[in-house]
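Written below as structure tokens is the structure these notes are about.
As the structure is a computational prediction, the values presented were derived from the model and not from experiment.
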Amino acid sequence: MVNEGAGYTPAEVEKKWQEAWDVRGTNRRSSEELRAAENPYYNLMMFPYPSAEGLHVGNIYAFTGADVHGRFRRLTGYDVFEPIGFDAFGIHSENFALKVGVHPMDLIPKNVANFTRQLRRTGGMFDWSHTVDTTDPAYYRWTQWVFLKLFEAGLAEQKEAPVNWCPSCMTVLANEQVVGGRCERCDTPVEQRRIAQWFFKITKYTQRLLDNLDTIDWSETTTKAQRNWIGRSEGAELVFPLVDASAGHGSVDPDTVREPDETAIRVFTTRPDTIFGATFMVLAPEHPAVDRLVSDDRRGAIEAYRAEAQRTDLVSRQKTDKTKTGVFTGGYCRNPATGEAIPVWIADYVLMDYGTGAIMAVPGHDERDFEFATEFDLPIPRVVAGPDDDADTPLTEAYAGDGVLVNSGAFDGLGKVEAIRAVTEWLAERGMGELQVNYRLHDWCISRQRYWGPPIPIIHCDACGAVPVPEEDLPVVLPRVEDFRPDDSGISPLARVAEWYETTCPACGADARRETDVSDTFLDSGWYFLRYPSTDFDDRAIDPEITRNWLPVDCYVGGNEHAVLHLMYSRFLTMVLHDLGHVDFDEPFTRFRAHGLIIRDGAKMSKSKGNVIVPDPIIEQYGADTFRLYLMFLGPFDEGGDYRDEGIQGPFGFLHRLWDTVVAAEDKPADGEVERKLHQTIGQVSEQLPELGYNTSIAAMMEYLNTVRAGGRTAARAEVEPLVVMVAAFCPHIAEELWERLGHDQSIFDAAPWPEFDPEKAREQRLEVAVQVNGKLRGTVSLDVDATAEVAEAAARADANVARHLEGVTVRRVIHVPNRLVNFVVG
RNA sequence: GCGAAAGUGGCGGAACUGGUAGACGCGCGAGACUUAGGAUCUCGUGGCCUCGUGCCGUGGGGGUUCGAGUCCCCCCUUUCGCACCA
């Protein structure tokens with residue numbers, strides 16, 4: 001026992017129990033135990049990126065919230081598996097290594113060691129025998145295996161593609177990593193380049209990724225973000241035939257229109273009903289049809305504009321406030337509804353990678369097209385009349401609302417919904433269009449022209465093409481390269497290491513060359529949760545039996561900054577592995593909860609402001625239990641909270657009082673009133689912990705302890721033992737110590753002693769009931785529970801103050817809400 | 001611009017399906033014990049005044065209701081996503 005007879009000393013208690021858990025293997029599970037677990041609960045939290053600065057409070061907040069949930073499940077009898085690992089590959093680490101001049105292979109292990117020390121110190125229930133480090137060849141061997149599985153399934157392909165290029169990081173960025181035209185990481189304006197890239201065909205799973213969202217229990221904010229990102233939009237793809245330049249502008253001779261596949265432009269629109277108002281067409285500058293359309297006199301201007309768009313592409317396109325720019329190609333196409341020849345322009349507000357890269361411009365009813373038409377003096381006819389308009393009401397701005405069609409031939413008078421259907425059918429009959437669903441989601445570019453990642457396991461052979469590295473040759477080990485600096489060539493640093501990339505083709509034995517790109521970190525983190533339970537095996541990525549018992553993950557806690565990328569990719573990879581027969585579920589996380597952000601004194605924490613919370617000294621001074629309790633007490637877990645240094649005194653004092661009270665507790669019968677409060681507390685905490693309702697649970701426990709200690713009374717053992725168990729979810733060390741002092745020799749977490757809620761014991765006998773006169777509080781009366789309206793009214797009238805307010809007025813009505821209030825309506 | 005969430009004491013935040021607003025904690029005030037305390041314990045703490053258990057109070061303005069922080073309409077502010085997606 002620690003510190004016999006004296007007060008609470010967190011440092012001693014915490015050291016003792018962290019060592020005891022280690023020695024006893026309290027939180028470790030062997031493969032046999034994982035296989036045999038009868039009541040498995042996989043409690044997951046997003047693994048950290050091990051920075052040089054050490055564990056951030058944000059990490060501790062998230063992990064503590066997840067750990068409290070895991071400990072609660074364990075205290076209620078589940079076999080809880082709670083692993084942790086390190087997401088240590090990637091540009092972050094690499095850039096930092098470059099900055100401080102230390103090789104990542106030296107830097108990362110140090111950071112991981114430091115993180116491990118800090119994580120142990122916070123008292124998480126981690127199974128340290130099942131950790132994962134994405135930079136460990138024993139792990140990324142299987143990351144490469146995942147790549148091979150996708151490759152074999154035809155879901156990985158290399159193609160030259162316009163990609164986002166960050167000139168500062170000197171690498172390709174995923175669309176998702178470009179924020180407002182700038183690099184998410186270093187804020188440098190992003191350029192566009194054409195480089196051969198590896199893509200995963202996530203778009204083959206788009207509709208499934210969308211539909212499945214209805215089947216999983218996730219934070220609503222997160223599923224909304226996913227829906228938004230997938231961006232399903234229903235509309236039509238319409239065919240606009242090109243007009244031969246020699247045919248002139250006004251009328252169209254059908255014979256001069258060539259076959260559609262060669263010389264028609266397809267556009268995607270959500271408003272096919274407005275086609276009669278399409279007075280021009282706009283193509284993305286990169287659109288392949290531009291070359292066929294451009295007239296000789298326009299060629300110079302077009303080339304200049306395309307070059308400009310290419311150079312500043314993503315930056316300029318993100319700015320919605322700039323005036324529209326564009327150039328006329330000199331070519332025309334035919335509006336399939338009106339038969340008119342309309343001019344074809346190029347403009348950078350049309351994006352090549354959405355829809356068909358071409359739009360029919362309806363300036364009367366699309367804000368952007370209106371702006372463009374105004375800028376270049378193009379006609380803006382009205383084809384939809386709102387409730388207060390007719391066919392000739394002038395348009396001073398684009399009208400995108402509902403209305404009836406006008407100036408649209410046979411379709412005049414139709415409403416929006418029926419017009420969309422009717423127009424599309426009409427065009428479809430003539431082969432000029434069809435219904436179409438479009439998505440924003442793009443294929444996942446997974447290659448990176450950088451050093452610090454797992455090499456993509458492909459060998460390029462002149463005769464055989466891209467050949468996968470045979471599974472038995474995995475891992476393709478990332479060589480230690482002292483000069484790993486990226487350069488502006490767009491070629492991976494590994495391409496400078498001939499002795500590494502020179503190899504022979506696994507298929508034909510000829511001289512061949514390894515793929516020198518490495519893969520995206522989101523691939524590392526896209527499947528790590530599948531690996532945790534199987535880390536004991538080096539001959540398989542995912543042990544089928546253990547995986548069947550433990551997955552999908554029961555509860556996943558993490559930040560909403562990963563709402564889109566990490567979670568979407570994890571779902572996609574899981575679906576693929578399911579379809580290939582490697583796992584028997586297709587959604588990895590049954591339940592996901594996003595946690596909030598911790599701010600400090602009302603402001604975001606940042607290094608530049610110097611208001612970052614450093615955990616180590618706080619834990620040293622107050623102990624991990626107090627720190628955990630305070631973090632969980634700050635505010636609702638899903639909203640985060642405002643960290644104020646003085647505030648920690650509250651939880652600290654609570655644990656001191658808890659200690660004193662429990663240590664002094666006597667063997668005597670529980671007090672009736674106290675027992676009632678106890679069961680009310682058990683009821684509330686048991687109900688709120690599954691929902692991660694931590695701050696109010698802690699308040700309830702504080703309130704209960706105040707009741708136990710009221711008037712300086714000494715507690716009965718039966719009054720405090722259940723409290724120690726409830727506190728254990730938040731403050732595992734002090735709870736273990738007190739549990740031991742209460743005479744138990746088994747760990748509190750193995751005993752599963754969560755107190756049973758007895759509603760009868762929680763039930764009040766008498767209640768304070770409010771008495772109102774005309775809705776204003778005039779007194780309270782004490783009544784038996786479930787007192788009748790008559791009894792309640794009589795008692796209310798007997799109250800002196802109430803009687804005073806009822807004098808000389810007529811009571812018109814009496815409202816009685818049992819156990820809550822009596823309201824006299826007078827007048 | 002679009003979407004979502006949220007505005008409650010000096011502060012962080014409570015308040016179940018409309019029913020005693022401000023639980024719990026910080027801070028602050030008074031007292032006790034102390035050589036001392038930034039320790040511990042007790043009590044108090046939304047505002048106002050004519051200190052009555054009176055009036056006003058949940059971003060602002062309307063409304064529904066016996067009764068509104070909670071429901072409806074309009075407006076303001078903040079935060080977070082998305083951002084020329086056709």
Side-chain angles (χ1 to χ4, degrees), chain A residues 7 179-181 220-222 224-225 227-229 231-233 235 267-271 274 282 316-322 324 347-351 353-362 366-369 371-372 438-442 560-561 563-564 596-597 599 601-602 604 630 633-636 638-651 653-654 656-657 660 684 687 695-706 709 711-712 767-780 800-801 812-827:
Chain A
V179 177
E220 209 187 317
T221 51
T222 313
K224 267 193 183 133
R227 280 204 175 85
N228 190 21
W229 193 261
R232 180 188 161 99
S233 88
V267 302
F268 175 73
T269 178
T270 54
R271 294 294 304 274
T274 62
V282 187
S316 68
R317 290 185 181 201
Q318 298 303 338
K319 287 189 183 153
T320 54
D321 53 346
K322 61 159 196 167
K324 294 272 182 290
D348 63 3
Y349 81 93
V350 174
L351 309 173
D353 58 3
Y354 183 78
T356 60
I359 62 158
M360 64 174 204
V362 184
D366 180 281
E367 210 181 307
R368 298 152 299 182
D369 299 342
E371 229 182 283
F372 191 84
N438 238 303
Y439 303 91
R440 283 182 36 170
L441 187 72
H442 295 115
N560 234 351
E561 68 273 16
V564 178
L597 251 53
I599 57 173
D601 298 323
K604 229 178 209 168
Y630 182 43
F633 185 59
L634 282 177
D638 57 348
E639 288 173 32
D642 189 356
Y643 190 99
R644 291 170 69 247
D645 292 354
E646 322 85 70
I648 200 167
Q649 293 299 339
F654 171 75
H656 271 284
R657 290 191 291 277
D660 294 344
Q684 184 180 344
E687 191 183 310
N695 57 333
T696 46
S697 293
I698 293 167
M701 294 190 294
M702 287 175 165
E703 218 176 309
Y704 174 61
L705 185 64
N706 291 344
R709 294 167 57 86
L767 287 169
E768 291 293 304
V769 171
V771 183
Q772 298 178 338
V773 177
N774 275 354
K776 293 197 170 173
L777 186 70
R778 298 303 179 189
T780 57
N801 193 48
R812 297 181 183 280
R813 211 173 138 194
V814 180
I815 290 161
H816 175 239
V817 182
N819 301 331
R820 303 237 56 146
L821 64 62
V822 178
N823 186 15
F824 293 97
V825 184
V826 304

Contact class for A/Asp369 vs. all strands (heavy atom < 4.0 Å): base, sugar-phosphate, or nothing?
nothing
Heavy atoms under 4.0 Å, any strand shown: does A/Arg812 hit a base, just sugar-phosphate, or nothing?
nothing
side-chain contact (heavy atoms from CB on, under 4.5 Å), that's the test. Do A/Tyr630 and A/Gln649 meet it? Break it down for me.
CA-CA 9 Å; A/Tyr630 182 43; A/Gln649 293 299 339; over 6 Å; no
What's the CD-P distance between A/Glu703 and B/G25, to the nearest Å?
8 Å
If the plane angle is over 60° it's perpendicular, under 30° parallel, otherwise tilted; pick one for A/Phe268 and A/Tyr354.
perpendicular
I want to confirm an ordering. Mapping A/Gly231 and A/Lys776 to their closest nucleotides on RNA chain B, which one lands closer to the 5' end?
A/Lys776
Check: A/Phe654 ring centroid to A/Phe633 ring centroid under 6.0 Å
no
It should be established whether A/Arg271 places a side-chain nitrogen or oxygen under 4.0 Å from OP1 or OP2 of nucleotide B/A86.
no
Sticking with atom C1', work out how far B/G10 lies from B/G29, rounded to a whole angstrom.
13 Å
Quick one: side-chain hydrogen bond (donor to acceptor under 3.5 Å, both in side chains) partners of A/Arg227, sequence neighbours excluded?
A/Asp214
If you draw the axis of the six-membered ring of A/Phe372, does the NZ or CZ of A/Lys324 fall within 45° of it and under 6.0 Å from the ring centre?
no
Take atom CD of A/Glu687 as the centre, draw a 6.0 Å sphere, and report whether it contains more than 12 heavy atoms from other residues, nucleotides or ligands.
no
Between the side chain of A/Asn438 and the main-chain N/O of A/Ser233, is any donor-acceptor distance below 3.5 Å?
no
Assess the residue pair A/Val822 and A/Gln772 against the criterion (side-chain contact (heavy atoms from CB on, under 4.5 Å)); give the C-alpha distance rounded to whole Å, side-chain angles, the decisive distance to 0.1 Å, and a yes or no.
CA-CA 6 Å; A/Val822 178; A/Gln772 298 178 338; over 6 Å; no
Which letter, B, S or -, goes with each nucleotide of nucleotides 4-14 of chain B from 5' to 3', with contact meaning a protein heavy atom under 4.0 Å?
S------BBSS
Is it true that atom CD of A/Glu220 has more than 12 heavy atoms of other residues, nucleotides or ligands lying nearer than 6.0 Å?
no
A/His442 side chain to A/Asp353 main-chain N or O, any donor-acceptor pair under 3.5 Å?
yes
C1'-based separation of B/A68 from B/U17 [nearest Å]
15 Å
Distance between C1' atoms of B/A83 and B/U77 (Å, rounded):
22 Å
How many whole angstroms separate atom NZ of A/Lys604 from atom P of B/U78?
15 Å
For every nucleotide of nucleotides 41-52 of chain B, 5' to 3': is a protein heavy atom under 4.0 Å from its base (B), only from its sugar-phosphate (S), or from neither (-)?
S-----------
Tell me, which pairs form a side chain to side chain donor-acceptor pair (under 3.5 Å) where one or both residues lie in residues 697-706 of chain A, sequence neighbours left out?
A/Lys677-A/Glu703, A/Gln688-A/Ser697
What is the per-nucleotide protein-contact pattern of nucleotides 62-69 of chain B, from the 5' end, where B denotes a base atom under 4.0 Å from a protein heavy atom, S denotes such proximity for sugar-phosphate atoms only, and - denotes neither?
----B---
Counting only side-chain N and O atoms of A/Asn801, is one of them less than 4.0 Å from OP1 or OP2 of B/G54?
yes
Parsed dot-bracket for RNA chain B after applying the Watson-Crick and G-U rules with both distances under 3.5 Å and | for other-strand partners is (((((((..(((......[....)))((((((.......))))))((((..).)))..(((((..]....))))))))))))....
Are more than 12 heavy atoms, taken from residues, nucleotides or ligands other than A/Leu597, located less than 6.0 Å from that residue's CG atom?
no
Between B/C84 (P) and A/Glu367 (CD): distance, integer Å
13 Å
